[in-house]
Each structure stands twice: as structure tokens, then as C-alpha cells.
Amino acid sequence: MVGQKLKALRISKKLSQDDVSKATGITDSRLSKIERGVIAHPSLDDINAILKVYQIPLIAFLCDVGYCKSNANVFRNVEKLTEFEIKHVQAEIDFIIKEKEM
């Protein structure tokens, strides 16, 4: 599922595997294995590097491929945030959690 979605996104962006490989540093071979599902669970580092090229937030992608439960506790419209805004929100969440643990 993850690989198929990444491939569909690459194609929709009109990029070749070689384009993505050069932009991410992920080898053509590894990228091909990810897209074909040979590597069924690629690392978050690989996924995030690919998504940066596609300009898609990691959280939005992970929710789209089923890693987030669809309930009231999931942030809605996160795909509209920039990476900077997502990092800011994450920092706020981390701060709140740290305060609760004290």
C-alpha cells in the first residue's frame, strides 16, 4: 500500500525514479523495491525524504495510507500545513506532554 501510493504520487508529479533517486539519495534499486512492495515497510527516513520531493507532509501521507485511526483524535486538514508549521505544532505537543509528566 505504501509503495503503491508513493509510486502514484511520483507519477502524478511527472517524476522518474531517477529524478527522485537524485533528489533523495535513495538508490534507484531501493526506490523501485519500495514502490513494488518488495520493501513492504520502508523506513520513515526514506518515506519522509521522498515526500519532501513531492512536497507532501509526512503526517498527511501516513494518515492517508492507514497509519492513523480515523476518529476525533486525529488532526484534520494537516495536509494544509507547511513542514515548518507541522514542526511547530509537534514542538507544542512535546512541550505539553513533558509538562504532564512532571
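Owing to the predicted nature of the structure, the values given are computational and were not obtained by experimental measurement. The figures that follow rest on heavy atoms only: side chains count, while hydrogens, waters and symmetry mates do not. Sequential numbering from 1 along the given sequence is applied to the chain's residues.
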For residues 44-65, dump all side-chain donor-acceptor pairs below 3.5 Å to protein atoms at least two apart in sequence or in another chain.
from	atom 1	to	atom 2	distance (Å)
Asp46	OD2	Arg30	NE	2.6
Asp46	OD2	Arg30	NH2	2.9
Asp64	OD2	Lys5	NZ	2.9

Donor-acceptor under 3.5 Å (Thr24 side chain, Val20 main chain) | yes
What residues, two or more places apart in sequence or in another chain, satisfy side chain to side chain donor-acceptor pair (under 3.5 Å) together with Glu85?
-> Thr82
When rounded to the nearest 0.5 angstrom, what distance separates CD1 in Ile34 from OG in Ser29?
-> 10.0 Å
Only counting residues at least two apart or in another chain, list the ones meeting side chain to side chain donor-acceptor pair (under 3.5 Å) with Ser32.
-> Arg36
Under the side chain to side chain donor-acceptor pair (under 3.5 Å) test, which residues partner Gln4, sequence neighbours left out?
-> none
Test side chain to side chain donor-acceptor pair (under 3.5 Å) applied to Ser43 - qualifying residues, sequence neighbours left out | none
Starting at NZ of Lys98, measure out to CD1 of Ile96 and round the result to the nearest 0.5 Å.
-> 13.5 Å
Going from CD on Gln17 to CG on Leu31, what distance comes out if it is rounded to the nearest 0.5 angstrom?
-> 5.0 Å
Hey, could you give me each pair passing salt bridge (charged side-chain N to carboxylate O under 4.0 Å, His left out) that has a residue in residues 19-28? Not counting sequence neighbours.
-> Asp18-Lys22
From Lys80 NZ over to Ile86 CD1, what is the distance, rounded to the nearest 0.5 angstrom?
-> 13.0 Å
